[in-house]
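Below is one structure, written out as structure tokens, with a few remarks after it.
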Amino acid sequence: MILRIALGFLILLSACGSASEPPVPAQPTESAVRLETATGTLYGSLLLPSSTGPHPLVLLHAGSGPTDRNGNSALVPGTNNSLKLLAEALAARGIASVRYDKRGVAASAAAAPSESDLRFDTYVDDAAAWVRQLRMDPRFGTITLLGHSEGALIGMLAAKQARADAFISVAAPARRASDILREQLRLQLSAELWQDSERILSELEQGRTTGNVPPALASLFRSSVQPYLISWFRYVPTEEIQRAPGLALIVHGTTDVQVSPSEAEALKQARPDAELLIVEGMNHVLKMVPLNPARQDASYSDPSLPVAPLLVERVVGFTAHVQRLPRGPGS
């Protein structure tokens, strides 16, 4: 009974606060944000540091396919939460962030147009619209656009369109998407199907659709998806990164088994004034994982693994530096 009373007294003291105890530091707050578009609402999450603003803000753009705001793909079992963990680590260091579900994905699924109406530029326009909306919020100083994997090309284009203050490319390819697809198909297709795919790719690269698609290639080159592929193949990352405004940071990991670190070197060569950071031991989902295949596979579904500390440190330093730079009129 005495122990129970003592415990109750301690709990009461804790609830009331004690003058001798230091205050508990305020935690970053997460809140829902949305972007209204002509064809539906996009939903996202804002993580706001506890420190006094205006804060530097990073707009995080996920990679290809049905990858959500947290960095998790519907095609992969489980979660890795790479972008969520990155956002939380940034908030703990005084950097605000917004991450969002692309149209057609997760909470933004209802905003998806029909497949035949979707264009790569749709995603670019969405990211640019987020930048413009966030620019109006007095809680934020500068806006840096960070794109992961395919999201980096979207980020480059959106940064140019909306005049973001800086751009960060993470685990991104440097080559045109059609060239990457061509390389992958060469290893998978028979000689006959390879010739068919090469003919189709060449047509699409020229901006022309084609109706002569073999059934074995229909899932990739069906008529309804060809306009999207044409719009995507127009862009070459090594060309577009040169047009991204402000400072640029290129980050890649040495154990990325999806995108070779040589792609980062090519981006750096195209944009000599960009900073290049190669993180030893970081894989494609931003975790510190060796090249061991089993460990790589497991990391894609393991949210307990933190994102690479060096990545966080450099993004924080880069973004804070951007905030300190003088800004021109109207920016």
Output side-chain donor-acceptor pairs under 3.5 Å for residues 189-196, partner residues at least two apart or in another chain, one line each.
unit_1: S190; atom_1: OG; unit_2: L193; atom_2: N; d: 3.3

Output a table of donor-acceptor pairs, distance under 3.5 Å, between side-chain atoms of residues 310-317 and any protein atom two or more places apart or on a different chain; print 'none' if there are none.
unit_1: R314; atom_1: NE; unit_2: E275; atom_2: OE1; d: 3.3
unit_1: R314; atom_1: NE; unit_2: E275; atom_2: OE2; d: 2.5
unit_1: R314; atom_1: NH2; unit_2: E275; atom_2: OE1; d: 2.8
unit_1: R314; atom_1: NH2; unit_2: E275; atom_2: OE2; d: 3.4

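Counting only distance, with no hydrogens or angles, the side chain of S149 and the backbone of G151 share no donor-acceptor pair below 3.5 Å. Judged by distance alone, the side chain of S45 and the main-chain N or O of R99 form no donor-acceptor pair under 3.5 Å. Although no hydrogens or angles enter the test, the distance criterion places a donor-acceptor pair under 3.5 Å between the side chain of R69 and the main chain of G44. Within the 3.5 Å criterion, the main-chain N or O of G155 finds no donor-acceptor partner in the side chain of K160. Proximity of a side-chain donor or acceptor of T144 to a complementary backbone N or O of T319 within less than 3.5 Å is not detected. At distances below 3.5 Å, at least one donor-acceptor pair connects side-chain atoms of Q133 with backbone N or O atoms of R34. Although no hydrogens or angles enter the test, the distance criterion places no donor-acceptor pair under 3.5 Å between the side chain of N70 and the main chain of N72. At distances below 3.5 Å, at least one donor-acceptor pair connects side-chain atoms of S260 with backbone N or O atoms of S262. A donor-acceptor pair under 3.5 Å is absent between the side-chain atoms of Q323 and the main chain of F318, judged by distance alone. Q242 contributes a side-chain N or O that, together with a main-chain N or O of T238, makes up a donor-acceptor pair within less than 3.5 Å.
When all heavy atoms are compared, the tightest approach of V236 to A174 is CG1-O, 4.3 Å. Of all heavy-atom pairs spanning E36 and T41, the tightest one is OE1-OG1, 2.6 Å. Pairing each heavy atom of A159 with each of P245, the nearest pair is O-CG, 3.2 Å. Closest non-hydrogen pair, P214 versus R199, comes out as CD-NH2, 4.2 Å. Of all the heavy atoms in D68 and V105, the pair that sits closest is CA-CG1, 3.8 Å. Taking both residues in full, the closest heavy atoms of A128 and A158 are given as N-CB, 3.7 Å, listed atom of the first, atom of the second, then distance.
Note: L204 CG to S197 OG = 10.5 Å, rounded to the nearest 0.5 Å. If you take CZ on R271 and CD1 on I241, they are separated by 6.5 Å, rounding to the nearest 0.5 Å. The line from CD1 of I180 to CZ of F233 is 10.0 Å long, rounded to the nearest 0.5 Å. Remark: L146 CG to I168 CD1 distance equals 4.5 Å, nearest 0.5 Å. How far OH of Y228 is from CG of D117: 14.0 Å, rounded to the nearest 0.5 Å. The structure places CG of L60 at 9.0 Å from CG of L145, a figure rounded to the nearest 0.5 Å.
Ring geometry for F120 versus Y123: interplanar angle over 60°, hence perpendicular rather than tilted (30 to 60°).
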Item to complete: Show the numbers, then the answer: is there a side chain to side chain contact (heavy atoms under 4.5 Å, CB included) between L229 and E205?
Response: CA-CA 9 Å; L229 295 176; E205 287 173 331; over 6 Å; no
Discussion item. Walk me through whether Y100 and H61 qualify under ring pair (Phe, Tyr, Trp, His ring centres under 6.0 Å).
Written reply: CA-CA 7 Å; Y100 68 97; H61 199 289; 5.5 Å; yes
Discussion item. Set out, in order, the CA-CA distance, both residues' side-chain angles and the distance that settles side chain to side chain contact (heavy atoms under 4.5 Å, CB included) for M282 and K287, then state yes or no.
Written reply: CA-CA 5 Å; M282 185 179 80; K287 310 295 183 77; over 6 Å; no
Fill in: Verdict with reasoning, N212 to T210, per side-chain hydrogen bond (donor to acceptor under 3.5 Å, both in side chains)
CA-CA 6 Å; N212 189 17; T210 177; 5.8 Å; no
Discussion item. Between V279 and L277, is the side chain to side chain contact (heavy atoms under 4.5 Å, CB included) condition met? List the steps.
Written reply: CA-CA 6 Å; V279 181; L277 172 65; 3.9 Å; yes
Fill in: S299 vs N283, side-chain hydrogen bond (donor to acceptor under 3.5 Å, both in side chains): CA-CA, chis, key distance, verdict
CA-CA 9 Å; S299 71; N283 75 351; 2.9 Å; yes
Worksheet item: Would V213 and I200 satisfy side chain to side chain contact (heavy atoms under 4.5 Å, CB included), going step by step from the backbone distance to the final call?
Response: CA-CA 8 Å; V213 177; I200 295 168; 4.1 Å; yes
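Hydrophobic clustering of Ile, Leu, Val, Met, Phe, Trp and Tyr side chains at less than 4.5 Å, counting indirect connections, unites W232 with L201. A continuous path of ILVMFWY side-chain contacts below 4.5 Å connects V131 to F140, so both sit in one hydrophobic cluster. In the hydrophobic clustering of this structure, L90 groups with V170; members are Ile, Leu, Val, Met, Phe, Trp, Tyr whose side-chain heavy atoms approach within less than 4.5 Å, directly or through other members. Following chains of ILVMFWY side-chain contacts shorter than 4.5 Å, one can reach L85 starting from I95, so the two form part of one hydrophobic cluster.
Within a 6.0 Å sphere centred on CD of Q269, heavy atoms belonging to other residues, nucleotides or ligands number 12 at most.
A salt bridge is absent between E198 and R186: the closest approach of a Lys/Arg side-chain nitrogen to an acidic carboxylate oxygen does not fall below 4.0 angstrom. We find that D121 and R234 are joined by a salt bridge, their nearest charged nitrogen and carboxylate oxygen being less than 4.0 Å apart. Salt-bridge annotation for R243 and E240: present, with a side-chain N of the basic residue lying under 4.0 Å from a carboxylate O of the acidic one. The existence of a salt bridge linking E150 and K102 is excluded, since no basic side-chain nitrogen approaches an acidic carboxylate oxygen closer than 4.0 Å. Salt bridge present: R135 and D165 bring a charged side-chain N and a carboxylate O closer than 4.0 Å.
Residues forming a side chain to side chain contact (heavy atoms under 4.5 Å, CB included) with A91 (at least two apart in sequence, or on another chain): P28, L47. Taking S169 as the reference, nothing meets the side chain to side chain donor-acceptor pair (under 3.5 Å) condition, with sequence neighbours excluded. Considering only residues two or more places apart in sequence or on other chains, S116 meets the side chain to side chain contact (heavy atoms under 4.5 Å, CB included) condition with S114, S224. With sequence neighbours excluded, the residues forming a ring pair (Phe, Tyr, Trp, His ring centres under 6.0 Å) with H148 are H284, listed by chain and number. By the side chain to side chain contact (heavy atoms under 4.5 Å, CB included) test, L187 is found to be paired with no residue, residues two or more places apart in sequence or in another chain being considered. In this structure, F167 has no ring pair (Phe, Tyr, Trp, His ring centres under 6.0 Å) partners at least two apart in sequence or on a different chain. Taking the side chain to side chain donor-acceptor pair (under 3.5 Å) definition, one finds that T37 meets it with R103, sequence neighbours left out. By the salt bridge (Lys or Arg N to Asp or Glu O under 4.0 Å) test, D137 pairs with R139, sequence neighbours left out.
Residue V289 shares its hydrophobic cluster (ILVMFWY side chains chained together at separations under 4.5 Å) with L305.
For residues 76-96, the set of pairs meeting the salt bridge (Lys or Arg N to Asp or Glu O under 4.0 Å) definition, not counting sequence neighbours, comprises K84-E88.
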